[in-house]
Amino acid sequence: MEVHTTNQTPNRTKISAIVGLKCPRCREGHMFQHPFLAKPIKFSKMHDKCEHCQQSFNPEPGFYIGAMYFSYAINVAIVITLFVALNTMMDKPILSILLSGTIIPAILMVPINFRISRSLMLHLFGGIDYDPSKS
């Protein structure tokens, strides 16, 4: 088996493209304009189209309203996981600690949750198929 080393990035899997917030068509271009840590205030600014393959990120008006369902599911998973973990680690659970230990992290995760939800929505329901020739 021969290994080639080039400057080209290897083909991404669908999961790595979703988590990496990459274009569903080429899996190379960024969906969002700014890196999250560089400009956290502008976490919601998306490109209109992929900078790499020119695929539109807006399949139809109101498309990303469906991403709220993904966001809700992710938030529920975070809150339940933290609640159960805190409840099992504490001998005598205190309601205020349980609530603050679950709600505060869920609020802090809003920007990441927003981005992942939109990425999931576009990759799963955007009607855009991966095209290896575009990467």
Side-chain angles (χ1 to χ4, degrees):
M1 188 166 147
E2 192 174 315
V3 178
H4 295 284
T5 57
T6 63
N7 291 338
Q8 189 178 17
T9 57
N11 289 340
R12 296 177 189 272
T13 63
K14 187 172 192 102
I15 293 172
S16 70
I18 290 170
V19 173
L21 310 171
K22 300 293 184 178
C23 170
R25 184 175 180 206
C26 67
R27 298 182 183 170
E28 293 295 325
H30 300 285
M31 287 178 58
F32 291 89
Q33 293 179 7
H34 307 286
F36 174 68
L37 294 176
K39 294 188 179 182
I41 298 297
K42 297 184 178 186
F43 72 90
S44 64
K45 300 289 183 190
M46 285 184 69
H47 290 290
D48 290 328
K49 56 187 175 180
C50 178
E51 66 231 4
H52 191 264
C53 71
Q54 304 306 311
Q55 172 65 47
S56 173
F57 289 147
N58 298 308
E60 60 186 52
F63 175 75
Y64 290 108
I65 291 173
M68 289 188 301
Y69 294 105
F70 288 112
S71 178
Y72 178 75
I74 293 168
N75 256 338
V76 167
I78 290 169
V79 169
I80 289 174
T81 303
L82 289 173
F83 185 84
V84 169
L86 287 172
N87 203 15
T88 56
M89 289 189 304
M90 297 169 55
D91 290 334
K92 295 180 182 179
I94 301 168
L95 184 61
S96 61
I97 293 175
L98 288 175
L99 289 177
S100 62
T102 56
I103 293 173
I104 291 171
I107 291 171
L108 293 174
M109 293 288 293
V110 165
I112 295 167
N113 190 353
F114 176 89
R115 287 179 169 215
I116 293 292
S117 298
R118 283 196 167 207
S119 181
L120 276 167
M121 188 70 187
L122 187 61
H123 279 267
L124 299 180
F125 300 107
I128 304 167
D129 293 327
Y130 174 58
D131 185 356
S133 68
K134 300 293 181 184
S135 43

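At a threshold of 4.5 Å between non-hydrogen side-chain atoms, the residues Pro40 and Pro111 do not count as touching. Within the 4.5 Å cutoff, the side chain of Arg25 has no heavy atoms near those of the Asp129 side chain. Residues Lys14 and Arg27 are in side-chain contact: their nearest non-hydrogen atoms beyond the backbone lie under 4.5 Å apart.
Taking all atoms of both residues into account, the shortest heavy-atom contact from His52 to Cys26 is ND1-SG, 3.7 Å.
Contacts of Phe43 classified as ring pair (Phe, Tyr, Trp, His ring centres under 6.0 Å), with partners at least two apart in sequence or in another chain: Phe114.
Taking OG of Ser16 as the reference point, atom CG of Leu21 lies at 11.0 Å (rounded to 0.5 Å). The distance from the CD1 atom of Ile18 to the OG atom of Ser117 is 11.5 Å, given to the nearest 0.5 Å.
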Can you give me every donor-acceptor pair (side chain of residues 79-105, partner residue at least two apart or in another chain, under 3.5 Å) with its distance?
residue, atom, partner, partner atom, Å
Thr81, OG1, Ala77, O, 2.6
Thr88, OG1, Val84, O, 3.0
Thr88, OG1, Ala85, O, 3.0
Ser100, OG, Ser96, O, 2.9
Ser100, OG, Ile97, O, 3.3
Thr102, OG1, Leu98, O, 2.9
Thr102, OG1, Leu99, O, 3.1

Less than 3.5 Å apart, which donor and acceptor atoms pair up between the side chains of residues 55-74 and the rest of the protein, not counting sequence neighbours?
residue, atom, partner, partner atom, Å
Ser56, OG, Asn58, N, 3.1
Tyr64, OH, Phe57, O, 2.5

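Within the structure, side chain to side chain donor-acceptor pair (under 3.5 Å) pairs that include any residue of residues 30-45 comprise Lys22-His30 (at least two apart or interchain).
Transitive grouping of hydrophobic side chains (ILVMFWY, heavy atoms separated by less than 4.5 Å) keeps Ile15 and Ile112 in distinct clusters. No continuous path of hydrophobic side-chain contacts links Ile78 to Ile107 [ILVMFWY only; heavy atoms under 4.5 Å].
With a 6.0 Å cutoff to the six-membered ring centre and a 45° limit on the axis angle, Arg115 counts as a cation-pi contact of Phe32.
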Note to self: side chain to side chain contact (heavy atoms under 4.5 Å, CB included) for Met31 and His47? Distances and angles first, verdict last.
What the structure shows: CA-CA 6 Å; Met31 287 178 58; His47 290 290; over 6 Å; no
Note to self: Walk me through whether Arg12 and Tyr130 qualify under side chain to side chain contact (heavy atoms under 4.5 Å, CB included).
What the structure shows: CA-CA 10 Å; Arg12 296 177 189 272; Tyr130 174 58; over 6 Å; no
